[in-house]
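This report refers to the structure that appears directly beneath it.
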Amino acid sequence: MNRILAETYPDAHCELDFRNPLELLVATILSAQCTDKRVNMVTPTLFAKYPAVEDYAAADRSEMEEIIRSTGFFRAKTNSIIGMAQAVCERFGGEVPAKLKDLVTLPGVGRKTANVVLGNAFGVPGLTVDTHFQRLVRRFGWTEETDPVKIEHVVAELLPRREWTIFSHRVIWHGRRICHARRPACGVCPLAALCPAYGTGPTSPEQAAKLVRPGPFS
DNA sequence: ATCCCGAGGG
DNA sequence: CCCTCTGGAT
């Protein structure tokens, strides 16, 4: 399963734009229930206006809400970003912490967001169990669990630690392109022969081909 | 379990 | 109209 995904998505990587851990943390908070593409449309303006943690911590709420409005949940996300920044300044000396235990104490930062930052900004292997990941590993038949933490532990047992971050990206890319929540493109899926959920979506190649969403390296 | 919330696809 | 998009806090 992992081998085929690796061959299909040799260039899988984090698609959020960022230049440092703080920017990735902010971008990941914004990515909740929103496409990465949409996040990348607002972060250039956001990062220019708030270059440092101190700038977020002192930000005007309505000004920030205006910038991130199109990502949805904009009031909650503004509170999370400002609260996160204040906590980083007060409790971590202005540096984004590089430990899961510390990251999840920040407002608006859960286990999934923390693992994204660890894996992509700090080089610490982590499984990012998001909505795609949950759906896919269950369709693969790897687990029946619905609790993200349990799913994370099950998958951690099945893969070498060094594969955790890249595997998460491959799964997410596959979920975006082919294995959609609604009508997965089973007819053109490279995992079809191995997948217990084959048939969830259209199995004819012609029908399925119409459902494929082109990715950056399609 | 429910709320937060906008944008795009079917 | 409905559902879904790299969730987290209450």
Side-chain angles (χ1 to χ4, degrees), chain A residues 5 9 11-18 21 23-43 45-46 61-62 64-87 100-121 125-139 146-152 155 164-185 200-202 207-216:
Chain A
L5 284 175
Y9 309 107
D11 299 304
H13 62 274
C14 179
E15 294 190 73
L16 294 170
D17 295 333
F18 67 97
E23 289 189 355
L24 180 57
L25 180 51
V26 171
T28 309
I29 289 171
L30 292 177
S31 75
Q33 298 296 288
C34 176
T35 61
D36 54 331
K37 189 175 170 186
R38 171 65 50 185
V39 173
N40 290 337
M41 288 171 68
V42 310
T43 46
T45 306
L46 194 66
R61 292 198 134 68
S62 45
M64 188 180 291
E65 286 179 359
E66 189 54 36
I67 297 171
I68 70 170
R69 172 178 298 275
S70 68
T71 67
F73 296 164
F74 62 91
R75 293 188 192 88
K77 287 174 181 176
T78 295
N79 285 334
S80 293
I81 292 169
I82 293 176
M84 172 279 289
Q86 291 173 344
L100 181 66
K101 192 196 287 185
D102 292 331
L103 283 166
V104 295
T105 68
L106 300 171
V109 181
R111 194 179 179 89
K112 180 262 173 180
T113 299
N115 271 328
V116 169
V117 173
L118 287 174
N120 301 286
L127 291 164
T128 61
V129 184
D130 55 44
T131 170
H132 288 304
F133 198 100
Q134 286 191 46
R135 179 176 75 251
L136 285 256
V137 296
R138 289 198 346 228
R139 282 182 178 163
T146 54
D147 174 24
V149 178
K150 290 182 182 173
I151 291 176
E152 185 180 326
V155 177
W164 289 356
T165 300
I166 185 67
F167 176 75
S168 300
H169 288 135
R170 289 171 188 148
V171 168
I172 289 159
W173 279 42
H174 189 57
R176 281 196 43 194
R177 280 199 56 207
I178 293 175
C179 196
H180 312 142
R182 199 94 240 264
R183 293 177 68 204
T200 302
Q207 282 249 309
K210 294 189 234 165
L211 299 173
V212 175
R213 294 177 197 158

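Naming convention: chains lettered A, B, ... in sequence-line order (proteins, then strands); numbering from 1 in each chain. None of the values given here were measured: they were computed from a predicted structure.
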Review point. Could you give the CZ-to-P distance, from A/R69 to B/dC5, as a whole number of Å?
Key: 10 Å
Point to revise | Length of the CD1-C1' vector between A/I29 and C/dA9, whole Å | key: 13 Å
Exercise for review: Have a look at A/H169 and tell me which of A/N120, A/D11, A/T128 forms a side chain to side chain donor-acceptor pair (under 3.5 Å) with it.
Suggested key: A/N120
**Study point:** Between C/dC2 (P) and A/R183 (CZ): distance, integer Å
**Key:** 19 Å
Check your understanding: Going by distance alone, is a donor N or O of one side chain under 3.5 Å from an acceptor N or O of the other, for A/R135 and A/H132?
Key -> yes
**Study point:** Interatomic distance, A/E66 CD vs B/dC5 C1' [rounded to whole Å]
**Key:** 14 Å
Review point. Does A/N40 offer a backbone N or O that forms a donor-acceptor pair with the side chain of A/D17 under 3.5 Å?
Key: no
Review point. Expressed in whole Å, how much space separates the P atoms belonging to C/dT6 and B/dC3?
Key: 24 Å
Study note, to complete from the structure: A/R139 and A/T200 have their tightest heavy-atom pair at NH2-CG2, 4.0 Å
Review point. Atom CD of A/E65 and atom C1' of B/dG6: how far apart are they, to the nearest Å?
Key: 13 Å
Check your understanding: Under the 3.5 angstrom rule, does the side chain of A/K77 hit a backbone N or O of A/A32 as a donor-acceptor pair?
Key -> yes
Check your understanding: Which letter, B, S or -, goes with each nucleotide of nucleotides 3-8 of chain C from 5' to 3', with contact meaning a protein heavy atom under 4.0 Å?
Key -> SSBBBS
**Study point:** Donor-acceptor contact present, side-chain A/D36 to main-chain A/L16, <3.5 Å
**Key:** no
Review point. Base, sugar-phosphate, or nothing: which does A/T71 touch, judged by heavy atoms less than 4.0 Å apart?
Key: nothing
Practice item. Find the distance A/M41:CE to B/dG8:P and express it as a whole number of Å. Key: 7 Å
Practice item. Pick the C1' atom in B/dC5 and in C/dC3, then give their distance to the nearest Å. Key: 15 Å
